[in-house]
Amino acid sequence: MRLYLHIPFCVRKCPYCDFHSVVADEETKSLYINALMNEIDLLKRVFKSMGEEILSLYFGGGTPSIYPPAELGRIIRFCKRELTVAREAEITVEINPGSWKKKELIEAARMGFNRLSIGAQSFDPETLRILGRNHTHLDVLRLAKSAMDLDRFDVNLDLIYGVPQQTLATWRQTLEMAVGVKPHHLSIYALNIPEGSEMDRKAEEGAWRMPAEDEIADMYDLACRLLGKAGYHHYEISNFALPGKECAHNIAYWERSAYIGIGSGSHSFLPSRLRWSNLKNISTYINTVNGDMLPVEHLEFLTREEAWEEEVMLSLRMSRGLDLCALEEFKNMRVLSDTIDGWQREGLVWRKGGRLGLSERGMLVSNQIIASLLGG
Amino acid sequence: MEELKQERIRNFCIIAHIDHGKSTLADRFLEITGTVPAQQLSEQYLDRMELERERGITIKAQAVRMYHQARDGRNYLLNLIDTPGHVDFSYEVSRSLYACEGAILLVDAAQGVEAQTVGNAYLAIEAGLKIIPVVNKIDLPNADPETVSLEIQELLGCDPQEVLFVSAKTGEGVREVIEAVVERVPPPQGESSAPLKALIFDSTYDQYRGVVVFVRLMEGEVSKGMKVAMLATGKVTEVEEVGIFSPDMVAVTKLQAGQVGYLITGIKNLSLTKVGDTVTDASTQNTQPLPGYREPKPMVFAGIYPVDPDDYNELRVALEKLQLNDASLSFEPETSKALGFGFRCGFLGLLHMEIVQERLEREYKLDLITTAPNVVYETELTDGSVKYINNPSELENMAKVKEIREPYVKVTIMVPSDFVGAIMELAQERRGIFVDMQYRIGDRVEIRYKLPLAEMVLDFYDQLKSRTRGYASMDYEPLGFVRGNLVKVDILIKGEQVDAFSAIVEKSRAYQYGKEMAKRLREVIPRQLFEVPIQAAVGGRIIARETLKAKRKDVLAKCYGGDVTRKRKLLEKQKEGKKRMKMVGKVEIPQEAFISALRLGREGKGT
Ligand code: SF4
């Protein structure tokens, strides 16, 4: 069992953001922390009935580091008291380089955090400026160094590629600087500019050079090459880790094991077919849990086929791939075989020991491959 | 209605270039003769189809009977036969002309003689008609009636005093024109006592009454109950009604030699009453047909497909309905790898094609995709047999083909002399063969070329207009098939031939066409998981190649907080999208890509 806690607040919204987060006042923020604990309380019976230890806690956002570490620490303490949290549990917090400094990191370690996911995004000032981030590349560097020097955390850096004006050269610099910090884990994401977002409007104005598809693909290839050379294992489409340092919490999503999301807009899953998500409106969320009601906005019981689709889609994100027997459950393998052979010839997939997986090139076009497998 | 002797009948038509005021003049006739009261005259009574009125051209012939008391005090019966006004319908025009004894040649006082005026004037002269030249729109501030009159005198070789001047708009001089019709146009010949011979100059389909045949009686008479035969189609039927146009249809007891009117018979199928055919008394044997009958023969073909495959049946029904009223439209089912199920349609010309397309879209609300038009080719096979090719993809095996012949036309272009260079350049680009050039009054030049119809079908007319800033006018007539140095260019997508893009082109143009098309397809086909070569080939030999590079990036962004549902929905949408793709071999192509490639191919064309 895994526990995810969503902090839907940011100091200000980034121009490309379509995550669930808002800018809020202090009062809402403090009410929210209490509401989170109320929700955990409400769900205690569910946790108990599952009879499983909590193997990981993950504070994601938004910007969890908008709170001082002690505030988040209260929740950890509450969980440890009310639920069964494994002794070695992975406890992650996403932090924004503009918020916590070394002092807060020391505090965070005391509160029980053992993994930091730093929203670095880039080491290039121009890229950070275009992303509208509220921190500089020096903030990123300092925070990452401190986190490493303290030696109390596994550290992840999030990096973004495919940003307007970004070039293969500036991306290379970012990668090299990131590797120089020697974090345990790196996540690299292609920038997605949501339609109608502020960044989308700016891009429309045409003042920026937008990297073309091939250039973005080259950036991904470069990351795979450089990180591979630096000893990172490419274990999921967007994730690289030193051996043994994979993010256990995220792996649970891809392996479809149980997780419960706490907080406004969070997502939960109980194998093998139950999913729900929480109310997105923050005050409705707070009022609902404070009224001792579960803040569920949407609940669905997957059909067998939908569950199977998830299995295919999520397994293929991982480097260990998909059990081919799972495919046979819904698809005529004789028909698919031909298509898969074609992909194999193109070097997009591999087949080994009854499993099918994507090569690094295949990962970058995973949508196409997965959609074909589901449709074919 | 009083019956009038044959010598008091005048059958005439008006020939004019588009916009020279034919319909307005006809309206004035109706008004002056009291056939239609002035207040009932909707603009241009004779052009009844909405589309006709919009485009200012006549597609179907019309006829109207008027009575007029002339200056000599006697009553005359005037039949105005309105002819189709476009080159695509020149055969129909010529049949209408044969139904008349006289023609008013109407020329705009500001525009002067246009190529079409010349073409139609020659047709009228050839048909033995008495021509009454009339200069219209003399009220316009930029009118130059004297120069235009000189142009006309030169064209017809007539005397200056023969030319009349009118303003159909204000009515000035119109009465003189009617008098001239009475005085100059000879009465029809032909004996009412002779066996029946009536010329079909048009026919329409009426939902309730079946086919209405427009006839000019050359000899004999026809009345209700008579058994008649159509000579060309051999159809025998009984006459249910005879009548005249006044201008609406009015039944009469009989029609006699020299008269114009309509017949309604038991015939429900327009293809049995062909324009130019002769109607005779079924009981008389061995009647000689009237001269000049020709099977309508489509010269331009194009595939018409519904954008939404579910509209296929609706499209078929719509084509059938259009055909009821337009016997020259042909169609047969066709299947295309790229476009699915549709029809290969045959048209008399480009304008005809556009009219049909527009009516399908407007009146039947169909969303259509039309392939680039092609002409009909005559091929002689090695065994000596001759085959006509309506669709380039029918030309399968070049080895069996001894020679391909393509239709040529003779184009007459009238243009101010400043633009002669531009015309020559254009004609050269389009494989034109110079015939002759004549200087006309007022610094105008008449140039004639022989030109492959295929070149006209592209955007010749648009080019002509744009390169002469709209000053040139054009007319053409078919010349028959001429042997050409032609090859079939195929387009292959990852080795698979795509029918809709095959074309028969002149050998020296094959590379250009192939390169163009391959490039266009490369631009519109989405990248696939593998590299896709797009090639142009002539008889199996690759002449041009473009490469669509493999798709490299299509990946979902951050999987945030375990929101798997959103990801699944996105992929499901993508999966559904894939189902709608057309497969060409292993290549998935959205229909829109084909459509936009075809649209690009037709860009900037139209009449
Ligand atoms: S920090 Fe993250 S969640 Fe907050 S606005 Fe920026 S992108 Fe969105």
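All values below were derived from every heavy atom in this structure, side-chain atoms included, with hydrogens, water molecules and symmetry-related copies excluded. Letters go in sequence order (proteins before strands), and every chain restarts at 1.
Contacts between Ser366(A) and chain B at a heavy-atom distance below 4.5 Å involve backbone atoms as well as side-chain atoms. Proximity to chain B is limited to the side chain of Glu346(A), based on heavy atoms less than 4.5 angstrom apart. When heavy atoms are compared at a cutoff of 4.5 Å, Asp221(A) approaches chain B solely by way of its side chain, counted from C-beta outward. Both the backbone and the side chain of Lys551(B) come within less than 4.5 Å of a heavy atom of chain A. For chain B, the nearby parts of Glu306(A) are the backbone and the side chain; heavy atoms of each come within less than 4.5 Å. Contact annotation for Lys586(B): only side-chain heavy atoms (C-beta onward) come within less than 4.5 Å of a heavy atom of chain A. Both the backbone and the side chain of His20(A) come within contact range of chain B, judged by heavy atoms closer than 4.5 Å. Heavy atoms closer than 4.5 Å to chain A are found nowhere in Glu576(B), neither backbone nor side chain. Leu5(A) does not touch chain B: none of its heavy atoms, backbone or side chain, sits under 4.5 Å away.
Side-chain contact check for Tyr285(A) versus Glu297(A): every heavy-atom pair is 4.5 Å or farther apart. Side-chain contact between Thr371(B) and Phe301(B) is absent, with no heavy atoms from C-beta onward closer than 4.5 Å.
When atom types are taken as modelled, the side chain of Gln535(B) and the backbone of Ile542(B) share no donor-acceptor pair closer than 3.5 angstrom. A donor-acceptor pair is defined here as one N or O able to donate and one able to accept, closer than 3.5 Å; such a pair exists between the side chain of Ser315(A) and the backbone of Glu311(A).
Within 6.0 Å of atom CD in Glu195(A), 12 or fewer heavy atoms from other residues, nucleotides or ligands are found, so the atom counts as exposed in its surroundings.
Of the listed residues Trp343(A), Tyr259(A), Phe269(A), Tyr220(A), the one with more heavy-atom pairs under 4.5 angstrom with chain B than any other is Tyr259(A). Interface remark: of the candidates Ile216(A), Asp214(A), Ile370(A), Asp214(A) forms the most heavy-atom pairs closer than 4.5 Å to chain B. The choice from Glu300(A), Arg361(A), Arg256(A) that makes the most heavy-atom pairs within less than 4.5 Å of chain B is Glu300(A). Contacts with chain A were tallied for Lys573(B), Glu572(B), Arg527(B); Arg527(B) has the most, counting heavy-atom pairs under 4.5 Å.
Aromatic ring centres of Tyr235(A) and His185(A): separated by under 6.0 Å.
Inspection of the Gln121(A) and Tyr189(A) side chains reveals no N or O donor paired with an N or O acceptor under 3.5 Å. A donor-acceptor contact closer than 3.5 angstrom is absent between the side chains of Ser264(A) and Asn278(A). Neither side chain, Asn390(B) nor Glu332(B), offers a donor N or O lying under 3.5 Å from an acceptor on the other.
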